Enquirer: 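Take a look at the following structure, please.
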Amino acid sequence: MLGHNRKMSGAECMADMLEGYGVTHVFHVPAVLRKTFAVMESRTRIKRLHVHGEKSAAYMADGYARASGKPGICMAQVIGALNLAAGLRDAFLAHSPVIAMTGGREPKSKFRKVYQEVDDMPAFGPVTKFNATIDDVARFPDMVRQAFRVATTGTPGPVHLQFRGNEGQVDAEEAEMEPLVEPQFSRVPPFRPEPDQASVLAALKVLQDAARPVIVAGGGVRASGAGRELVALAEALQIPVATSLNGKDSIPGSHPLAVGVCGTYSRESANRVIGQADLVCFVGSETGGMTTHFWAVPKIGTPAIQIDINPEALGLNYPLQACVNGDAKVTLGKMLAAADRASAGKRKAWVGQTQAICKEWYAKYRSALESDAVPIRPERMCHELSKHVPDDAIVVVDTGHAGMWMGGMFDLKSPNQSYLRSAGHLGWAFPAGLGAKCGAPERPVVTFTGDAGFWYHIAEIETAVRWKINAVTVVNNNGGGNQSKRGFDRVYGGTQTEQARELWTFSKVNFARIAEDMGALGIRVEQASGFPAALAQALAANRPAIIDVVTDIDALAPTAVT
Ligand SMILES: Cc1ncc(C[n+]2csc(CCOP(=O)(O)OP(=O)(O)O)c2C)c(N)n1
Ligand SMILES: [Mg+2]
């Protein structure tokens, strides 16, 4: 209740507020807010995870946030601040609510060549929605509230708070404060802004009038929790649905109207359907380069409508015939309520056409999806994951080939499964998967990463074992970063020299053995037929598990069609 100040330390105030916002884990590298950590132990049940690098702390907080919808908290001392900032970039690109706290500068000693100190603030600017300093302990309550408010509202995203002192020692000072929290901002979305009904009806009319429409569902659908409304509208009007990578879990891949992920890391069928559409309806999508294959899918000029919570996203890349500013769940619900189901009849041929395109995709890739080849084909791994990932799993996927293989070849089969993907950073998935498991401990977490991606933060196996974070990590181990192969082929004029492989290959390592040495379950899979049993064993193990799958270094993921 506001107006009930009492004398307390910044540390007590912070601990009480984080507990009040429902924070269950914080991810950090010491030493920052030391007093807060000490106080947390006696006043809260918050788990304080001491990890092996600031970047992985940020990725864990990001995975936690994307899995739970609650802001993820990560912390670093002043010398680790830019490592932490580097880790916020993926959260920024993916619109994930992460709150980063770092130590900062003392006004008394600024500009005097203080050990380890630079001005960190400018580096946080491009990767945050709000980037602020706290110099006076009395500002803890309002600034922490503002951090949660900014991270969760509108299009969500990261926030940075820098605390006075290289370790944020301002937290040990006292002031008259009240650790008031606003629970509304403890998760996404705090508001569901209602759209203007006239704009809803105008967009619905354009959609219903179209003969060959397609919906492109983006990350905004998952942020809004609007999957059910999206699928209901698509069914009512008989409209095929493509998704961005970030929106892949908006509709199960097994749904008859699902055509796959569109854009660059995509499935051919999705791009082909969009190429033949007479109207594209973007929902919760920024229409960015990855989703549209750099504005070739659909071509600029294709008739489009768009729904977004952020008015500035509307019409950014495609001139619009209609647009709606509002929460995706509310907007799609209103469209559904006003939908003329009779209009669906005229799209029967179109739906048939899109289903034929999807069948052609399966026919083209069936032999790879079912391949028994040794070394194992990544397509087969994706297919096995489609079949065997549990119905309530969170699937976490790295970028590069991992993003391409899984974006294009893997299918979710239940609306209760989630899909979280790196927004571009190699190495994000393993720590993000651990964070996701912390954010949703009751759900199975299955992470898919390449070996180059896994190397980045391999030390976090130790964190997973120490904290009993029982996520399953599947490593597509081909002994190199083979997504880079094509580009090097090109610059070598078509064929690389033998020596060129030093640019993108590594030594062959058995990650299962490393995992076992570190106390995790390690399973090495060399035959595709052994994968389902390995996955089942890993999911049932009462410890973190690494499945090292020996795959073909010459397997290249299909590139986007236009
Ligand atoms: C931080 C970062 N640095 C570099 C890259 C460029 N990159 C994309 S994929 C890749 C190699 C991926 O190798 P691996 O994880 O083993 O997957 P593979 O392609 O072998 O399946 C690299 C270096 C990136 N995406 N992110
Ligand atoms: Mg690799």
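Bear in mind that the values here come from a model prediction, so they are computed numbers and not experimental data. Atoms within each ligand, like the ligands themselves, are counted from 1 in listed order.
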Enquirer: Of all the atoms in ligand 1, which lie at a distance below 4.0 Å from a heavy atom belonging to L426?
Expert: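 Counting atoms of ligand 1 from 1, those under 4.0 Å from L426 are 1 (C), 2 (C), 10 (C), 11 (C), 12 (C), 15 (O), 22 (C), 23 (C), 24 (C), 25 (N), 26 (N).
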
Enquirer: Is atom 23 (C) of ligand 1 less than 4.0 angstrom from at least one protein heavy atom?
Expert: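 For atom 23 (C) of ligand 1 the answer is yes, since some protein heavy atom falls inside 4.0 Å.
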
Enquirer: For residues 490-501, pull every pair meeting salt bridge (charged side-chain N to carboxylate O under 4.0 Å, His left out), keeping only residues two or more places apart or in separate chains.
Expert: none

Enquirer: Quick test: of every protein heavy atom, which one is nearest to atom 19 (O) of ligand 1, and how far off is it to 0.1 Å?
Expert: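 The closest one turns out to be Q483 N, 2.8 Å.
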
Enquirer: For R105, is there an ion pair with D120 - N to carboxylate O distance below 4.0 angstrom?
Expert: no

Enquirer: Give the atom name of whichever N/O/S atom in D451 sits closest to the Mg ion (ligand 2).
Expert: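 Atom name returned: OD1.
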
Enquirer: For H425 and Y59, take the angle between the two ring planes, folded into 0 to 90°, and tell me which bin it lands in: parallel under 30, tilted 30 to 60, perpendicular over 60.
Expert: tilted

Enquirer: Which atoms from ligand 1 have a heavy atom of T399 less than 4.0 Å away?
Expert: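 Listed by number with element, the hits are 25 (N).
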
Enquirer: Near G400, which atoms of ligand 1 are under 4.0 Å from a heavy atom of that residue?
Expert: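 Taking each heavy atom of G400 in turn, ligand 1 has 9 (S) under 4.0 Å.
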
Enquirer: Please confirm whether Y456 comes under 4.0 Å of ligand 1, counting heavy atoms of the residue only.
Expert: yes

Enquirer: Would you call the rings of H401 and W405 parallel, tilted or perpendicular, taking 30° and 60° as the class edges?
Expert: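 H401 and W405: tilted rings.
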
Enquirer: If the cut-off is 4.0 Å to any non-hydrogen atom of G453, which atoms of ligand 1 fall inside it?
Expert: 15 (O)

Enquirer: Under 4.0 Å from a heavy atom of G424: which atoms of ligand 1 are those, numbered in the order shown and with their elements?
Expert: 24 (C), 25 (N), 26 (N)

Enquirer: Taking R524 first and then D548, would you say they form a salt bridge - that is, a charged N and a carboxylate O separated by under 4.0 Å?
Expert: yes

Enquirer: Pull out every atom of ligand 1 sitting under 4.0 Å from any heavy atom of N476, numbered as shown with elements.
Expert: 21 (O)

Enquirer: Relative to the heavy atoms of N478, which atoms of ligand 1 are at a distance of less than 4.0 Å?
Expert: 18 (P), 20 (O), 21 (O)

